[in-house]
Amino acid sequence: MDGGGVTNISDDHVVASGDIIKVELDGDGVFWAGETVQPSQNCTIRLIVLKDEGSAAARQSALEVFHRLGTTGEGIERYRMVALDVPPDADLPRIRKLLEHGEGQGWWHWEEGCVTAAWNATGSG
């Protein structure tokens with residue numbers, strides 16, 4: 001694929017950083033993500049940052065606090081969003097606790113993009 005990566009991922013297919021996926025080429029020459037061949041065991045968590053109206057400083061602050069718990073990620077200005085890559089050796093219970101605390105404080109809304117059984121085991125339900 002000349003290092004270009006997958007062009008499109010359908011709404012019903014979720015992937016995390018490091019997942020190995022099968023790709024399909026359509027008639028227009030566009031690559032689409034297919035089934036996951038080998039999951040990475042990483043999770044993807046998305047935050048919409050509400051604090052300071054999702055300013056660059058607020059997004060960076062969120063990235064830094066989660067980085068201390070073992071994540072990496074990036075901020076996306078257009079959507080006031082932070083995408084977290086959560087590896088399996090990160091402190092999953094503390095990450096979940098911080099996500100829930102921050103949402104309760106009105107700092108962000110968050111959602112699970114792609115998660116693992118280990119992540120699900122940290123839930124209270």
Side-chain angles (χ1 to χ4, degrees):
M1 289 190 337
D2 300 332
V6 175
T7 305
N8 293 293
I9 299 175
S10 65
D11 291 340
D12 62 344
H13 191 86
V14 292
V15 295
S17 176
D19 287 354
I20 297 174
I21 59 172
K22 184 176 182 178
V23 296
E24 300 169 6
L25 184 63
D26 71 13
D28 295 323
V30 176
F31 287 101
W32 288 85
E35 67 183 275
T36 300
V37 176
Q38 182 178 348
S40 64
Q41 298 306 311
N42 292 331
C43 299
T44 301
I45 306 293
R46 295 181 291 260
L47 288 74
I48 301 299
V49 179
L50 305 174
K51 188 175 183 178
D52 298 330
E53 299 180 0
S55 68
R59 291 190 313 274
Q60 187 59 39
S61 177
L63 285 167
E64 289 171 3
V65 73
F66 284 102
H67 181 75
R68 289 193 289 270
L69 299 176
T71 72
T72 60
E74 63 182 331
I76 304 163
E77 180 179 9
R78 180 177 185 173
Y79 302 108
R80 303 179 328 179
M81 186 173 145
V82 166
L84 299 174
D85 292 323
V86 184
D89 60 347
D91 192 337
L92 302 181
R94 286 184 63 200
I95 291 168
R96 180 180 289 275
K97 185 174 180 178
L98 179 56
L99 287 166
E100 292 171 351
H101 176 77
E103 185 166 51
Q105 294 295 312
W107 299 339
W108 51 65
H109 292 300
W110 66 279
E111 67 178 5
E112 300 168 336
C114 182
V115 297
T116 62
W119 172 261
N120 287 333
T122 68
S124 58

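On a predicted model such as this, the values are computed, not experimentally measured, just so you know. Counting begins at 1 with the first residue of the sequence. Just the heavy atoms: all of them, side chains too, but no hydrogens, waters or symmetry mates, feed the values below.
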*When the aromatic ring centroids of Trp108 and Phe66 are compared, is their separation below 6.0 Å?*
yes
_Residue pair Trp119 / Glu112: nearest heavy atoms and the distance that separates them_ = NE1-OE2, 2.7 Å
*asked:* How long is the straight-line distance from CD1 of Ile21 back to CZ of Phe31, given to the nearest 0.5 Å?
replied: 11.0 Å
*Rounded to the nearest 0.5 Å, what separation is found between the CG atom of Leu69 and the CG atom of Leu92?*
10.0 Å
*Heavy-atom pair of closest approach, residues Val37 and Lys22*: CG2-N, 3.7 Å
*Heavy-atom pair of closest approach, residues Val15 and Thr44*: O-OG1, 3.7 Å
*Check the surroundings of atom CD in Glu53: do more than 12 heavy atoms from other residues, nucleotides or ligands lie under 6.0 Å from it?*
no
*Compare every heavy atom of Ser17 with every heavy atom of Ser40, then report the nearest pair and how far apart it is.*
OG-O, 2.9 Å
*Atom CG in Asp91, atom CZ in Arg96: separation rounded to 0.5 Å?*
12.5 Å
_To the nearest 0.5 Å, what is the distance between CD1 on Ile95 and NZ on Lys97?_
13.5 Å
*Identify the two heavy atoms, one from Gln41 and one from Thr116, that lie closest to each other, and give their separation to 0.1 Å.*
O-CG2, 3.6 Å
*Output the distance between atom CD (Gln105) and atom CG (Leu98), rounded to the nearest 0.5 Å.*
10.5 Å
*Which atom names give the shortest non-hydrogen contact between Ala58 and Lys51, and what distance separates them?*
CB-O, 3.3 Å
*Find the distance between CG (Asp52) and OG (Ser61) and round it off to the nearest 0.5 Å.*
9.0 Å
_Do Trp110 and Leu50 land in one hydrophobic cluster if side-chain heavy atoms of ILVMFWY residues count as linked below 4.5 Å?_
no
Give every donor-acceptor pair under 3.5 Å between a side-chain atom in residues 75-90 and any protein atom, sequence neighbours left out.
none

